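So you know, we letter chains A, B, ... as the sequences are listed, proteins then strands, and number each from 1. All figures in this text were calculated on a predicted structure; none of them were measured in a lab.
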Amino acid sequence: MNIRELIYNEFLFFDGATGTYLQENGLKAGEMPEYLNINAPETIVKMHENFLNAGSNVITTNTFGANALKFYDEPYTVEKIVTSAVNNAKKAIANTGKKAYIALDIGPSGKLLKPMGDLGFSDAYKLFSETVIYGKKAGADLIIIETMSDTYELKAAVLAAKENSDLPVFVTVVFDETQKLLTGADVKTVVAMLEGLRVDALGINCGLGPFEMMPIVEEIVKYTSIPVIVNPNAGLPRSENGKTVFDITPEEFAKGMVDISNFGATILGGCCGTTSEHIKAMIDSVSKLTPKPIVKKDFTFVTSYAKAVELGKTPKIVGERINPTGKKKLKEALISDDMDYILKEAIMQQEKNAHILDVNVGLPQINEPEMMERAIFEIQSIIDLPLQIDTSDAKTMEQALRMYNGKAMINSVNGKKEVMEQIFPLVKKYGGVVVGLTLDEDGIPETAQKRFEIAEKIINTAKEYGIDKKDIVIDVLAMTISADNQSAKTTLDALKMVREKLLVNTTLGVSNISFGLPTRDIINSTFFGLALQNGLTAAIINPSSDSMMQAYYSYNALAGLDENCANYIANVTSKTVQVDVKPEFSETTLSKCIEKGLKDTAKDITENLIKTMSPLDIVNLELVPALDKVGRDFANGTLYLPQLLMSAEAAKMAFEVIKENVPQDDTKNNGTIVIATVKGDIHDIGKNIVKVMLENYGFNVIDLGKDVPVEAVVDAVLKDNVKLVGLSALMTTTVVSMEETIKAINKVAPDCKTLVGGAVLTEDYAKSIGANMYAKDAMESVKYAQMVFSIN
Amino acid sequence: MKINKKEIYRYLGYKGNTPTDDIVLLVDECLGEILKVMTPKTTHKVFDLILQEDKICFATMQVKSQNLAKNLEGCNKIVVFAATLGVGVDMLINKATRTQIAKAVIYQACAAMLIEEVCDELNYKIECEYKNLKPRFSAGYGDFDISHQKDILELLETYKKIGLSYTESFMLVPTKSVTAVIGVSEFLQEKPKNKCLNCENKTCEFRNEE
């Protein structure tokens, strides 16, 4: 029986702790255990023999940290470490004459991935690939990816394992007592992502002892359809005379593992602190039991790196705002690369309680795969909602699915053979919940029955690819009633048939129903209610439409899906009953609002002023004097940074209103400035403060972000013939790249000035690295910019 | 955990002045949000310390630093520790940095106060066990080279234990994190009342001269 079959029929027993054994046999704190594969192979072989004699039928190679970040010099290359580690395991098996599998052990890289850290996803993939390639070549029987605490790193490791070998892939992660990974994912999120990536078994290791793990194991078994691995520590670690010790005896450990196997886990072993005695006691007790059958589950989860959204119970909202179709401002933002606008739309929808965000960036003028990757990366840097990747380009879809952190919603396939052939292999490989549109080579059928048949065809074809129907969401398509007055009825009938007969989840672009009609909100929200009643489980709508959200909350309350009508009361009644408590406009002026930092009032007043006053007058008579006053008070030390920034934000709101009301060419541009946090530096609050202030003073700011390579700054300077660059660096180690950046700018654009700032910089330090100017705060940056561009 | 709002105001540049009511409210709101997302974790180990003429040795580490050597005078053990508020705080700050810069600055100040509190608590715990402690000292202070950040993190296995890692330029990630060493002396230590007075950076805008 091969391993893939065996794990559905029998218990599999892993070994215990490598680190604990090696520390007891001479490994000192801070020394890397992987060296011993080469320097003391006999110790490693002996360790494996101990576990084999205890009854383990899987032994893990001593390769936890064997990646190129740690091992790059002869004689300790990744290849040599991994090869010798697998050979040591083989030798132990030969010496003992036992039958056992060799698991190639892969631990975390030790680096946090971007956007949190500085290791790129594809770089992480390369690191893991190397280990996999050598492990497979040396003769490992399976791969165990373990002790993972970040879903993104985990995804890189799993892809590396699957794309560079055909070995079974087992995965265990570290949940803490709150049942979360360090990067925030809960059990459902991890299970959904790993099953999507088609690993062979999954579970938990390290961090906790068997007793603390039980509730987590219960949760894993509840949601997963594949075999569950549990490798606990020998209790919780405790410090004794400066040494880490674990308290649980072999007998207690065995008792805990019996309970764990009763919860349904079938692949069992130990982590930190577990000796061959622990493993022997466990095997003696557990092998008397019958393994619990592995039961298929039917949950539909769409996830980010931290959140799982379940479809099929309470209906869910998919926010439709990040899609350029019919949205002029988003189109402009995409063309001008204004990522902040996209992020604002994302945050707005999150605040309006969307559960999933649709992301579509398809425009003929832009490079879609590249923009899609950037948009997903940026959104996932600040928002933890799952995303629906919306593109008709298969290349964009593949790149996006590869780099997406979680199990995405995929928009979409349809009944066309060619489209299914393109998209289903991607769903199979990367995982995801895929939307199936009920149209095919003949177009959109006019009858509900025909749409139902296409849905059936999509589900059956998916099955041939190994994609379960729990991962399919059918869209029976809403078509406007202005063209066909039966179209809503057809959609609702089809929806009901699909939901009731095929038992799949459903989605609809709800507002399509009213194209070409006046006051569309009323039709849309009424249709929305009807669609929900007929089985709609994931509605693509605009969450900032009050009438749609009211329909949503009312439906849930009426359908018995809202306990005590709590969500209805919290989200609907408060909004409609609440009296508008804005301050009296007549009492206050725009400049006063800006001085006080009242964003919303500043916006309202500007909207009124623009009707009677010229934009230039608003800027010169209200905005600029207020900003100047606040700036002066800040410089004099009578007003502090938070107030300065609140005023800046209020002014920004006013500027945005003005911009919307004047033609693009008339907006004031005092000069273009490139700003960046330099290469190697990931702290960008200071730079962003400067950005907000410069924009308020009428400068066009090109923000290159953080950790910006020298070449990117140079390219930006040359592209727009920029005359001023602002650079920020926090530490002495990154001031080095600041100096390199300045030198590179001076070389290609000698008349471009450089302005620098950051915690460790001083005026002298700035001079010594060749900067033209040091600014100690944002106001000084503004003053210098005004000087460079001869303003005032 | 102790919440020291005065420290937050100090980090915001108030230099002992009281913020206006609207800022006090905003700080409270931001503090509440940070407390909700933070997942503070710490780890530490104790090693025998050998002070040689030109280097400081413990575990697998060898450090050349006169400032640290001075700090560790009379010590025979060394505590190495790491603490972090977790990635959730970074996420919150990053989000505000892109959209609500005033809040970003306040989150940042709240987090700075909180990570110091986490360190103080751990420091106190260690003190109960090992008594005479020197003031904590971090890589990057004085001539204690920042590249030792990597050695400290690897020695404590911080990525595995508390999710703390570093960048190529030795910045800690998550960013709201601290690593430090604490000397354990054989003799009773006088406690400095104000940590700022031990610091060489006399022009620091946050310096507390009280």
Exercise. What are the two closest non-hydrogen atoms of B:Ser165 and A:Gly110, and how far apart are they?
Worked result: OG-O, 2.9 Å
Problem set entry | Any donor-acceptor pair under 3.5 Å from B:Ser169 side chain to A:Thr734 backbone | no
Problem set entry | Nearest non-hydrogen partners of B:Gly13 and A:Tyr640, listed with the distance | O-CD2, 3.3 Å
Exercise. Where do A:Cys206 and B:Lys160 land on the side chain to side chain contact (heavy atoms under 4.5 Å, CB included) test, with the steps shown first?
Worked result: CA-CA 9 Å; A:Cys206 210; B:Lys160 189 173 147 186; 4.1 Å; yes
Problem set entry | B:Asn94 side chain to A:Ser381 backbone, donor-acceptor under 3.5 Å | no
Problem set entry | Inter-residue atom distance A:Thr733.OG1 - B:Ile146.CD1, 0.5 Å rounding | 5.5 Å
Exercise. Does any heavy atom of chain A fall under 4.5 Å from the side chain of B:Ile106, the backbone, both, or neither of them?
Worked result: side chain
Exercise. Considering only heavy atoms, which portion of B:Ile101 lies under 4.5 Å from any heavy atom of chain A: side chain, backbone, both, or neither?
Worked result: both
Exercise. Which residue out of A:Lys344, A:His683, A:Lys691 racks up the most heavy-atom pairs below 4.5 Å with chain B?
Worked result: A:His683
Exercise. Which answer fits B:Ile93, side chain, backbone, both or neither, if we ask what part of it has an atom under 4.5 Å from a heavy atom of chain A?
Worked result: side chain
Seminar exercise, completed: Turns out that what part of A:Glu649 lies under 4.5 Å from chain B's heavy atoms comes down to side chain
Exercise. Does B:Thr167 use its side chain to pair, donor to acceptor, with the backbone of A:Gly117 at less than 3.5 Å?
Worked result: no
For this session: Could you tell me which portion of A:Asp681 (side chain, backbone, both or neither) has an atom closer than 4.5 angstrom to a non-hydrogen atom of chain B?
Result: both
Problem set entry | Contact class of A:Ile685 relative to chain B, heavy atoms under 4.5 angstrom | both
Problem set entry | Nearest-0.5 Å distance, NZ of residue A:Lys679 to CD of residue B:Glu168 | 6.5 Å
For this session: Examine whether an atom of A:Gln380 lies under 4.5 Å from a heavy atom of chain B, and if so say whether it belongs to the side chain, the backbone or both; otherwise answer neither.
Result: backbone
Exercise. Between A:Lys599, A:Met339, A:Met116, which shows the greatest number of heavy-atom pairs under 4.5 Å with chain B?
Worked result: A:Met116
Problem set entry | A:Leu343, part contacting chain B, at a heavy-atom distance under 4.5 Å | side chain
Problem set entry | Proximal component of A:Ile682, with respect to chain B [non-hydrogen, under 4.5 Å] | both
Exercise. Measuring from A:Leu730:CG to B:Met171:CE, what's the distance to the nearest 0.5 Å?
Worked result: 5.0 Å
Exercise. Taking everything shown except A:Lys180 itself, do over 12 heavy atoms lie less than 6.0 Å from its NZ?
Worked result: no
Exercise. Rounded to the nearest 0.5 Å, what separation is found between the CG atom of B:Leu155 and the NZ atom of A:Lys28?
Worked result: 13.5 Å
Problem set entry | Proximity breakdown for A:Asp176 and chain B, heavy-atom pairs closer than 4.5 Å | side chain
Problem set entry | A:Val692 versus chain B, the contacting section by heavy-atom distance below 4.5 Å | side chain
Exercise. Within a strict 4.5 Å, meaning less than it, do heavy atoms of the B:Pro174 and A:Leu112 side chains meet?
Worked result: yes
Problem set entry | Which atoms of A:Lys687 approach chain B - backbone, side chain, both or neither, heavy atom under 4.5 Å | neither
For this session: Give, as side chain, backbone, both or neither, the part of B:Thr20 having an atom under 4.5 angstrom from any heavy atom of chain A.
Result: side chain
Exercise. Counting only heavy atoms not in B:Gln66, do more than 12 fall under 6.0 Å of its CD?
Worked result: no
Problem set entry | chain B contact via A:Tyr341 - side chain, backbone, both or neither, heavy atoms under 4.5 Å | neither
Problem set entry | Gap between atom OH of B:Tyr159 and atom OG of A:Ser149 - 0.5 Å precision | 4.5 Å
For this session: Examine whether an atom of B:Lys15 lies under 4.5 Å from a heavy atom of chain A, and if so say whether it belongs to the side chain, the backbone or both; otherwise answer neither.
Result: neither
Problem set entry | Pick from B:Lys161, B:Glu157, B:Gln100, B:Lys77 with the largest number of heavy-atom pairs that fall under 4.5 Å of chain A | B:Gln100
Exercise. Chain A heavy atoms under 4.5 Å from B:Tyr9: which part of the residue, side chain, backbone, both or neither?
Worked result: neither
Exercise. Below 4.0 angstrom, N of the basic side chain to O of the carboxylate: do B:Asp22 and A:Lys596 qualify?
Worked result: no
Exercise. What residue, out of B:Thr175, B:Asp151, B:Leu92, B:Thr39, has the most heavy-atom pairs lying under 4.5 Å from chain A?
Worked result: B:Thr175
Exercise. Atom CG of A:Asp684 and atom CZ of B:Arg98: how far apart are they, to the nearest 0.5 Å?
Worked result: 8.0 Å
